[in-house]
Amino acid sequence: MARKLIVPFLMVSGAHDKQVASDRVRELYSDAGSTEKVFVDLACSSHNAMWERNHLLLFRAALEWLTQGTVNGSKTGMLKLGYDAPRATQ
């Protein structure tokens, strides 16, 4: 059924997600028939990424996807976000 998915779509998987395993999301990414699909591996995040440390990376990726159909300028591919970002000090 995933091969029938031909619409553009964005998938995000938190590195520490215990509810939906990253491997399963990667499988869906690989199986999907769309030529415009992006998989984001989000560092330091769980299934609740929108309330966690890298939430702004998630929000920026989603906004770019919805407005431009890209993430970091890519229409397709597997991206890692937040792995090289320095920690903010307060």
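Just so you know, these numbers come straight off a predicted model, no measurement behind them. Hydrogens, waters and symmetry mates play no part in the numbers below; they use all other heavy atoms, side chains included.
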So OG of Ser13 and CG of Leu28: to nearest 0.5 Å the spacing works out to 11.0 Å
For Gly77 versus Tyr29, what's the shortest heavy-atom pair and its separation? N-OH, 3.0 Å
According to ring-ring contact (aromatic ring centres under 6.0 Å, His included), does anything in residues 37-60 pair up with another residue at least two apart or in another chain? List the pairs. His55-Phe59
Scanning both residues in full, the closest heavy-atom pair of Leu10 with Ala62 reads CD2-CA, 4.1 Å
Would you say that Leu58 contacts Leu42 through its side chain, given a criterion of any heavy-atom pair below 4.5 Å between the two side chains? yes
Indicate the atoms forming the closest heavy-atom contact of Ser22 with Gly14, along with that distance. OG-O, 3.7 Å
Hits for side chain to side chain contact (heavy atoms under 4.5 Å, CB included) against Ser30, two or more places apart or cross-chain, chain-then-number order -> none
Minimal non-hydrogen separation, Trp65 against Val71, with atom names: CE3-CG2, 4.0 Å
Do Phe9 and Met11 come within less than 4.5 Å of each other through their side chains, counting heavy atoms only? yes
hydrophobic_cluster_shared for Leu57 and Leu63, side chain cutoff 4.5 Å: no
Side-chain donor/acceptor of Asp31 to backbone N/O of Arg3, under 3.5 Å: no
Shortest non-hydrogen separation from Ala43 to Asn54 and the atoms involved: O-ND2, 2.6 Å
Rounded to the nearest 0.5 Å, how far does OG1 of Thr35 lie from CD1 of Ile6? 9.0 Å
If I take atom CD from residue Glu64 and atom CG from residue Asn72, how far apart are they, to the nearest 0.5 angstrom? 6.0 Å
Nearest-0.5 Å distance, OG of residue Ser46 to CD of residue Glu52: 3.5 Å
Just grab all the salt bridge (Lys or Arg N to Asp or Glu O under 4.0 Å) pairs involving residues 36-49, residues at least two apart or on different chains. Arg26-Asp41, Asp41-Lys80
The reported gap from OG1 in Thr70 to CG in Leu79 (rounded to nearest 0.5 angstrom) is 10.0 Å
Same apolar cluster: Met78 and Leu5, side chain cutoff 4.5 Å: yes
Ser74 and Val38: which non-hydrogen atoms are nearest, and at how many Å? O-CG2, 3.5 Å
